[in-house]
Amino acid sequence: MQFYMPTKLYSEQDCIKNHAEELVTFGSRAMIVTGKHSSRANGSLADVEIALKNEGVPYIIYDDVEENPSIETIMKAKEIGLQENVDFVIGIGGGSPMDAAKAIALMIANPEETEEVFYEPKQLDYLPVICVPTTCGTGSEVTPYSILTIHKQRTKKSIKHKIYPALALLDASYLKSMPRRGLVHTSVDALAHLIESYLNTNSNDWNRVYSAQGLRVWAQFKRNLLDDELKEEDYEKMLRASALAGMAITHTGTSLPHGLSYAFTYEQGYSHGKAVGMFLAGYVSIYKDKTVVQEVLELLGFENIVEFKKYMKELLGPILVDKEVLQNSVRKIMADAAKLKNYPFAVTEEELLTMVEV
Ligand code: NAP
Ligand code: FE
């Protein structure tokens with residue numbers, strides 16, 4: 001058993017303002033990494049800029065991060081960061097900018113390395129990373145993972161390097177500008193992390209503290225999320241469940257739904273949350289230890305698998321699954337021992353094909 005959770009985390013209203021002094025202890029010139037629009041609309045970028053200005057720390061903004069960031073985006077940012085001599089990186093946004101911030105921090109600290117290094121098992125340093133999440137799904141603000149799109153392989157893959165953010169600043173008010181679809185999809189990603197972590201080869205008493213509590217918190221807002229009647233306090237719960245889920249997968253990794261999902265994001269353009277969410281009911285259905293499945297359902301406040309399945313269907317709406325994409329994804333995962341190892345039982349191609357309705 002190993003437990004390592006080095007990210008310092010604050011969660012409160014006006015979080016960035018309240019911790020501005022600490023924010024600038026990580027370097028003398030910052031690179032803000034963010035997406036094109038949302039961080040401007042929800043106020044998170046302005047809050048970081050004001051904090052840096054007030055503390056007299058210069059910064060540059062790299063706002064070219066697309067959804068499911070590509071290796072090309074990282075390499076472009078690396079050049080800019082090197083030219084500008086930045087020495088710490090602040091990722092603001094959903095998983096895409098936060099994951100990009102981590103990969104950029106790795107590349108700037110190792111200017112001689114090429115993109116090949118992302119998938120080489122090499123011990124490398126990285127610049128300090130600070131994360132400000134504005135979605136409630138990935139938990140990337142506390143995980144060491146960075147998932148990049150590899151166009152050459154028509155898929156996404158987690159890089160080999162573990163990059164733990166030094167500081168995570170959580171303020172649920174940034175979530176309020178998110179359309180319902182975004183809230184649903186990213187919350188479902190967090191739910192997938194919780195379930196895949198609890199039902200995992202690496203699951204144990206230490207990390208189930210996080211997955212179990214995350215599932216309890218998720219249960220508290222599940223009805224309001226479905227009914228589109230989120231209350232003020234639900235936003236904080238959604239962000240909390242997402243960070244707890246991140247702490248859980250930091251120690252267990254994800255499992256079959258995540259492994260199967262990437263092809264659907266690449267080939268069908270499904271958001272990450274929707275692509276993992278469509279496999280969740282199927283995952284609990286094929287999972288062989290039904291006692292543990294029952295624990296998960298109880299923590300989430302569902303009587304049985306049928307009830308859970310119905311909820312997921314209502315929440316995600318109709319989903320068109322391309323049969324060929326599914327077959328290819330299943331074949332790929334069956335041939336990848338590393339991807340199967342987090343599922344504690346033997347599994348067949350036929351079982352995987354039943355995880356989603358075509
Ligand atoms: P995202 O790809 O970061 O963002 C999706 C969309 O939501 C973007 O259009 C973004 O706009 C917008 N958005 C973000 N915050 C918003 C807000 N508060 N209000 C309105 N719109 C907002 O979404 P995500 O689901 O959080 O991240 C998905 C990525 O994370 C995937 O690449 C996935 O593989 C990865 N992931 C990482 C981990 C990990 O542990 N590191 C775990 C799971 C998934 P802008 O582009 O304008 O910002
Ligand atoms: Fe995920």
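Count residues from 1 along the sequence. Read the numbers this way: they start at 1 and go in the same order the structure lists the ligands and their atoms.
- Taking the charged nitrogens against the carboxylate oxygens, Glu120 and Lys160 have no contact shorter than 4.0 Å, which rules out a salt bridge.
- Salt-bridge formation is not detected for the pair Lys76/Glu72: no Lys NZ or Arg NE/NH1/NH2 atom is positioned less than 4.0 Å from an Asp or Glu carboxylate oxygen.
- Side-chain contact annotation: His193 with Asp189, donor-acceptor N/O pair under 3.5 Å present.
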Side chains of residues 121-136: which donor-acceptor pairs under 3.5 Å do they make with residues two or more places apart or in other chains?
{"from": "Lys122", "atom 1": "NZ", "to": "Glu113", "atom 2": "OE1", "distance (Å)": "3.4"}
{"from": "Lys122", "atom 1": "NZ", "to": "Glu113", "atom 2": "OE2", "distance (Å)": "2.9"}
{"from": "Tyr126", "atom 1": "OH", "to": "Tyr164", "atom 2": "N", "distance (Å)": "3.1"}

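- With sequence neighbours left out, Glu196 forms a side chain to side chain donor-acceptor pair (under 3.5 Å) with His258.
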Show me the donor-acceptor pairs, under 3.5 Å and distance only, between side chains in residues 351-358 and residues at least two apart or in other chains.
{"from": "Glu351", "atom 1": "OE1", "to": "Thr348", "atom 2": "N", "distance (Å)": "2.9"}
{"from": "Glu351", "atom 1": "OE1", "to": "Thr348", "atom 2": "OG1", "distance (Å)": "3.3"}
{"from": "Glu351", "atom 1": "OE2", "to": "Lys288", "atom 2": "NZ", "distance (Å)": "3.2"}
{"from": "Thr354", "atom 1": "OG1", "to": "Glu351", "atom 2": "O", "distance (Å)": "2.5"}

Could you go through ligand 1 and list every pair where one of its N or O atoms sits under 3.5 Å from a protein N or O, giving the atom names and the distance to one decimal?
{"from": "ligand 1", "atom 1": "2 (O)", "to": "Ser96", "atom 2": "OG", "distance (Å)": "2.6"}
{"from": "ligand 1", "atom 1": "3 (O)", "to": "Gly95", "atom 2": "N", "distance (Å)": "3.2"}
{"from": "ligand 1", "atom 1": "3 (O)", "to": "Ser96", "atom 2": "N", "distance (Å)": "3.0"}
{"from": "ligand 1", "atom 1": "3 (O)", "to": "Ser96", "atom 2": "OG", "distance (Å)": "3.4"}
{"from": "ligand 1", "atom 1": "9 (O)", "to": "Glu67", "atom 2": "OE2", "distance (Å)": "3.1"}
{"from": "ligand 1", "atom 1": "11 (O)", "to": "Ser38", "atom 2": "OG", "distance (Å)": "3.3"}
{"from": "ligand 1", "atom 1": "13 (N)", "to": "Ser38", "atom 2": "OG", "distance (Å)": "3.4"}
{"from": "ligand 1", "atom 1": "15 (N)", "to": "Thr134", "atom 2": "O", "distance (Å)": "3.4"}
{"from": "ligand 1", "atom 1": "15 (N)", "to": "Thr134", "atom 2": "OG1", "distance (Å)": "2.8"}
{"from": "ligand 1", "atom 1": "18 (N)", "to": "Asn42", "atom 2": "ND2", "distance (Å)": "3.1"}
{"from": "ligand 1", "atom 1": "18 (N)", "to": "Thr134", "atom 2": "O", "distance (Å)": "2.9"}
{"from": "ligand 1", "atom 1": "18 (N)", "to": "Tyr174", "atom 2": "O", "distance (Å)": "2.9"}
{"from": "ligand 1", "atom 1": "19 (N)", "to": "Ser177", "atom 2": "OG", "distance (Å)": "3.1"}
{"from": "ligand 1", "atom 1": "26 (O)", "to": "Gly95", "atom 2": "N", "distance (Å)": "2.8"}
{"from": "ligand 1", "atom 1": "26 (O)", "to": "Thr135", "atom 2": "OG1", "distance (Å)": "2.6"}
{"from": "ligand 1", "atom 1": "27 (O)", "to": "Gly95", "atom 2": "N", "distance (Å)": "3.1"}
{"from": "ligand 1", "atom 1": "32 (O)", "to": "Asn68", "atom 2": "OD1", "distance (Å)": "3.2"}
{"from": "ligand 1", "atom 1": "32 (O)", "to": "Lys156", "atom 2": "NZ", "distance (Å)": "3.3"}
{"from": "ligand 1", "atom 1": "34 (O)", "to": "Lys156", "atom 2": "NZ", "distance (Å)": "2.7"}
{"from": "ligand 1", "atom 1": "40 (O)", "to": "Thr143", "atom 2": "OG1", "distance (Å)": "2.8"}
{"from": "ligand 1", "atom 1": "41 (N)", "to": "Asp99", "atom 2": "OD1", "distance (Å)": "2.7"}
{"from": "ligand 1", "atom 1": "41 (N)", "to": "Asp99", "atom 2": "OD2", "distance (Å)": "3.4"}
{"from": "ligand 1", "atom 1": "41 (N)", "to": "Ser140", "atom 2": "OG", "distance (Å)": "3.2"}
{"from": "ligand 1", "atom 1": "41 (N)", "to": "Thr143", "atom 2": "OG1", "distance (Å)": "3.4"}
{"from": "ligand 1", "atom 1": "41 (N)", "to": "Tyr145", "atom 2": "O", "distance (Å)": "3.0"}
{"from": "ligand 1", "atom 1": "47 (O)", "to": "His37", "atom 2": "N", "distance (Å)": "2.8"}
{"from": "ligand 1", "atom 1": "47 (O)", "to": "Ser38", "atom 2": "N", "distance (Å)": "2.8"}
{"from": "ligand 1", "atom 1": "48 (O)", "to": "Ser38", "atom 2": "OG", "distance (Å)": "2.7"}

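- In this structure, the side chains of Tyr266 and Asn68 stay at 4.5 Å or more apart for every pair of heavy atoms.
- The angle subtended at the Fe ion (ligand 2) by NE2 of His272 and NE2 of His193 is 170°, given to the nearest 10°.
- Among heteroatoms of the N, O or S kind in Asp189, OD1 lies nearest the Fe ion (ligand 2).
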